[in-house]
Amino acid sequence: MKATGIPEIDGAYLFEPVPYADERGFFCRTFDADVIRSVGLDPDAFVQDSVSRSVRGVLRGLHLRSGAGEAKLVRCSYGKIFDVVVDLRTDSPTYRNRAFFELSGETQKTLYIPAGCAHGFQALTETADTSYRIDRPHDPAEDVTIAFDDPELAIPWPLPAVSMSRRDREAPTLAEALKHREHREHREHQEHQEHQEHQVNRENEENRENEENRES
C-alpha cells in the first residue's frame, strides 16, 4: 500500500493498495496500521465505521462537523463515486482549496480527510457503497451542511443530482455556514469559560468553608 500526500489539501492522504486479481475475483488489503503510522497518523484513533449505499446520481454533502471536527477515512468499496474535499480550516495553508477524486471498488483507494474539511460525493454507478471510518463518535448536534451548488465553490458535479436528503438540498451557502459555525463556536467557548469560572468559584468557596471549619 502506497501513501501519497494531497497537495491541494494540507494533511490529506490517498492510500493506494495493490489488489490481487485472478479467476476467482480479487483480494485487497484496505487498511494497514503501519502505513497509516508512516505518515504521522494514529491508526488507533478511529472509533466508528459506517457504510452508505447510493444509486447513480445520488449526492451526499457537503458535510462538515463543528467543534473539534472529525478526521475520516473514505473508501468506495463497490461501484464508483466522485469525491470532493474542501479545506475549511482557517489556519491551514490550503484554506478554501478544493480537491476532487474518483474512488472505486476496482482500485479500493482510501482517502484520509483531516478534521475541519468539508466532504461530499456523488454516486457514478447504479450502486455505490461508500465506507467511512471516523475518529470521534458521531454527534448530530455538531453536523454542518453546505450547499452542494454553492457558487463560490463551483464544484463540477459530473451528473445531475437525482436525489439527496432534504437537509442537503436546503443547506446554506458556504458564507452562511461559516458565519453560523463561527457564532456557534464562539457560544461554545463562552459556555466553556463560564463553566470553568463556576468550577473555580465553587472550589474557592469550599476551600474557605474548610478553612473556617479548621479555625473553629
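- Note: Y13 and Y112 have tilted aromatic rings, judged against thresholds of 30 and 60 degrees for the angle between ring planes.
- To the nearest 0.5 Å, atoms CZ (F101) and CZ (F121) are separated by 14.5 Å.
- By the 4.0 Å N-to-carboxylate-O rule, E102 lies too far from K109 to be salt-bridged with it.
- Other residues, nucleotides and ligands contribute over 12 non-hydrogen atoms within 6.0 Å of the NZ atom of K72.
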V55/E126 under side chain to side chain contact (heavy atoms under 4.5 Å, CB included): CA gap, chis, key distance, verdict = CA-CA 5 Å; V55 300; E126 291 306 318; 5.8 Å; no
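- For the atom pair OG1 (T130) and CG (L103), the distance works out to 8.0 Å, reported to the nearest 0.5 Å.
- Under a cut-off of 6.0 angstrom, the local environment of CD in E106 is sparse, with at most 12 non-hydrogen atoms contributed by other residues, nucleotides or ligands.
- Hydrophobic clustering places L159 together with I155 (ILVMFWY residues linked when any side-chain heavy atoms are closer than 4.5 Å, directly or through intermediates).
- Using bins of under 30°, 30° to 60° and over 60° for the plane-to-plane angle, the ring pair F46/F31 lands in the perpendicular bin.
- Judged by distance alone, the side chain of T145 and the main-chain N or O of R167 form no donor-acceptor pair under 3.5 Å.
- Panel note: side chain E142, backbone G67; no donor-acceptor pair is recorded below 3.5 Å.
- Between G69 and R136, the closest heavy-atom pair is O-NH1, 2.6 Å.
- Using a 4.5 Å cut-off between side-chain heavy atoms of Ile, Leu, Val, Met, Phe, Trp and Tyr, with links allowed through other members, F15 and I113 fall into different hydrophobic clusters.
- Taking a cutoff of 4.0 Å between a charged side-chain nitrogen and a carboxylate oxygen, R98 and D87 do not qualify as a salt bridge.
- In this structure the side chain of L59 never reaches within 4.5 angstrom of the side chain of R169, judged on heavy atoms.
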Applying side chain to side chain contact (heavy atoms under 4.5 Å, CB included), run through H119 and L62 and close with a yes or a no.
-> CA-CA 5 Å; H119 172 251; L62 298 165; over 6 Å; no
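- Residues L14 and I6 have side chains in contact (heavy-atom distance under 4.5 Å, counting atoms from C-beta outward).
- To the nearest 0.5 Å, the span separating NZ on K2 from CD on E16 amounts to 4.5 Å.
- The two atoms that bring V85 and D83 nearest to each other are CG2-OD2, 4.1 Å, heavy atoms only.
- Within 6.0 Å of the OH atom in Y132, the count of heavy atoms belonging to other residues, nucleotides or ligands exceeds 12.
- When hydrophobic clusters are built by joining Ile, Leu, Val, Met, Phe, Trp and Tyr residues whose side-chain heavy atoms come closer than 4.5 Å, directly or via intermediates, L111 is not grouped with L73.
- The minimum heavy-atom distance between V144 and A177, with the atom names listed, is CG1-CB, 4.3 Å.
- Side-chain contact between T125 and R56 is absent, with no heavy atoms from C-beta onward closer than 4.5 Å.
- Residue L88 is grouped with residue F148 when hydrophobic side chains (ILVMFWY) are merged at heavy-atom distances under 4.5 angstrom, including chains of intermediate members.
- A distance of 7.0 Å separates CG of D135 from CD of E70, quoted to the nearest 0.5 Å.
- Atom CZ of R89 sits about 5.0 Å away from atom OG1 of T94, to the nearest 0.5 Å.
- Not one N or O on the side chain of D10 forms a donor-acceptor pair closer than 3.5 Å with the backbone of P93.
- A chain of hydrophobic side-chain contacts below 4.5 Å, direct or via other Ile, Leu, Val, Met, Phe, Trp or Tyr residues, connects F100 to W157.
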Verdict with reasoning, T30 to R75, per side chain to side chain contact (heavy atoms under 4.5 Å, CB included) | CA-CA 9 Å; T30 59; R75 175 173 59 89; 3.7 Å; yes
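- Under the 4.5 Å side-chain criterion, counting only non-hydrogen atoms from C-beta, V84 is in contact with V86.
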For D129 and T127, run side chain to side chain contact (heavy atoms under 4.5 Å, CB included): C-alpha distance rounded to whole Å, both residues' side-chain angles, the deciding distance at 0.1 Å, then the answer.
-> CA-CA 7 Å; D129 291 347; T127 301; 4.0 Å; yes
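- Using a 4.5 Å cut-off on side-chain heavy atoms (C-beta onward), R29 and V18 make no contact.
- Between Y78 and R53 there is no side-chain heavy-atom pair separated by less than 4.5 Å.
- At a threshold of 4.5 Å between non-hydrogen side-chain atoms, the residues D139 and R65 count as touching.
- Between P158 and L124, the closest side-chain pair of non-hydrogen atoms falls below 4.5 Å.
- Rounding to the nearest 0.5 Å gives a distance of 6.0 Å between CD1 of I146 and CG of L178.
- Listed here is the closest heavy atom pair of I134 and P137: CD1-C, 4.5 Å.
- No donor-acceptor distance shorter than 3.5 angstrom exists from the side chain of N97 to the backbone of I9, with no hydrogens or angles considered.
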Apply side chain to side chain donor-acceptor pair (under 3.5 Å) to Q48 and R133, showing your working.
-> CA-CA 6 Å; Q48 283 184 349; R133 177 170 287 187; over 6 Å; no
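- Looking only at distances, a side-chain donor or acceptor of D168 sits under 3.5 Å from a matching main-chain atom of G61.
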Kindly indicate, with the supporting measurements, whether the criterion side chain to side chain donor-acceptor pair (under 3.5 Å) is fulfilled by R60 and S54.
-> CA-CA 9 Å; R60 300 177 187 263; S54 305; 2.8 Å; yes
